[in-house]
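Computed from a predicted structure; not experimentally measured. Any value given below was found using the heavy atoms of this structure, including those in side chains, with hydrogens, waters and symmetry copies removed. Both counts, for ligands and for their atoms, begin at 1 and track the order of listing.
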Amino acid sequence: MAHAVYPGSFDPVTYGHLDVIKRASELFDSLTVSVLNNGAKSPLFSVGERVNMLRDVCRDIPNVKVDSFSGLTARYVQDNGFDVIIRGLRAVTDFEYELQMAQTNRKLAPEADTVFLTTSLEYAYLSSTTVKEVAYFGGDISKFVPHDIERLILEKFELRSRDGQQD
Ligand code: PNS
């Protein structure tokens, strides 16, 4: 039995993440998608909101669970006995950071290996940051995120502009 974890920010989950989630769930016995609770960043969605969004879009994939964690990925991996860390690679620009992270995690948690899935070409350009920027300026994000997530992003930006927040 191989248990994989896909850690990330998922702020918010996109079709690119979902593509990686579906493919990883077919490769491993179980997959836990886990949202990093990173106090240093100022995300659009709270950890709880991101967990709920992931649960919603993964509801039809039986071997996928959604969780959140704080601190080091390597420690979380060890504490939960994961065998594999999943990361998506979109383009060569992702590679240096991802390699550094994989090698650091392997030093800290040698019992787990990182497996990279190359993002399907149709999503190779996609990032949560781009989605938020397009939505912020009123562009159409329906090709980037599932419908339920699109609605939540638009609601969030409406609320923010009503409250007078700029970012
Ligand atoms: O979706 P992201 O933002 O690319 O995910 C990055 C993530 C959460 C996987 C990475 O920042 C991470 O593992 N953070 C936890 C802190 C940690 O373990 N740092 C050492 C690895 S270099």
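- Evaluation of the salt bridge (Lys or Arg N to Asp or Glu O under 4.0 Å) test over residues 62-80, restricted to residues two or more places apart or in two chains, returns none.
- Taking the ring centroids of F82 and Y76, they lie under the 6.0 Å cut-off.
- Partners of S142 by side chain to side chain donor-acceptor pair (under 3.5 Å), not counting sequence neighbours, listed by chain and number: D140.
- For the side chain to side chain donor-acceptor pair (under 3.5 Å) test, residues two or more places apart in sequence or in another chain that qualify with T130 are S127.
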(request) Please lay out, stage by stage, how V84 and T114 fare under the test side-chain contact (heavy atoms from CB on, under 4.5 Å). (result) CA-CA 6 Å; V84 170; T114 297; over 6 Å; no
Within the protein, flag every N or O under 3.5 Å from an N or O of ligand 1, and note the pair and distance.
residue  : atom   : partner : partner atom : Å
ligand 1 : 1 (O)  : S9      : N            : 2.9
ligand 1 : 3 (O)  : S9      : OG           : 2.5
ligand 1 : 4 (O)  : R87     : NH2          : 2.8
ligand 1 : 5 (O)  : R87     : NH1          : 3.3
ligand 1 : 13 (O) : T73     : OG1          : 2.5
ligand 1 : 18 (O) : T73     : N            : 2.9

(request) Evaluate the side chain to side chain donor-acceptor pair (under 3.5 Å) criterion for residues D11 and S128: first the C-alpha distance (whole Å), next the side-chain angles of each, then the deciding distance (0.1 Å), finally the verdict. (result) CA-CA 6 Å; D11 184 41; S128 298; over 6 Å; no
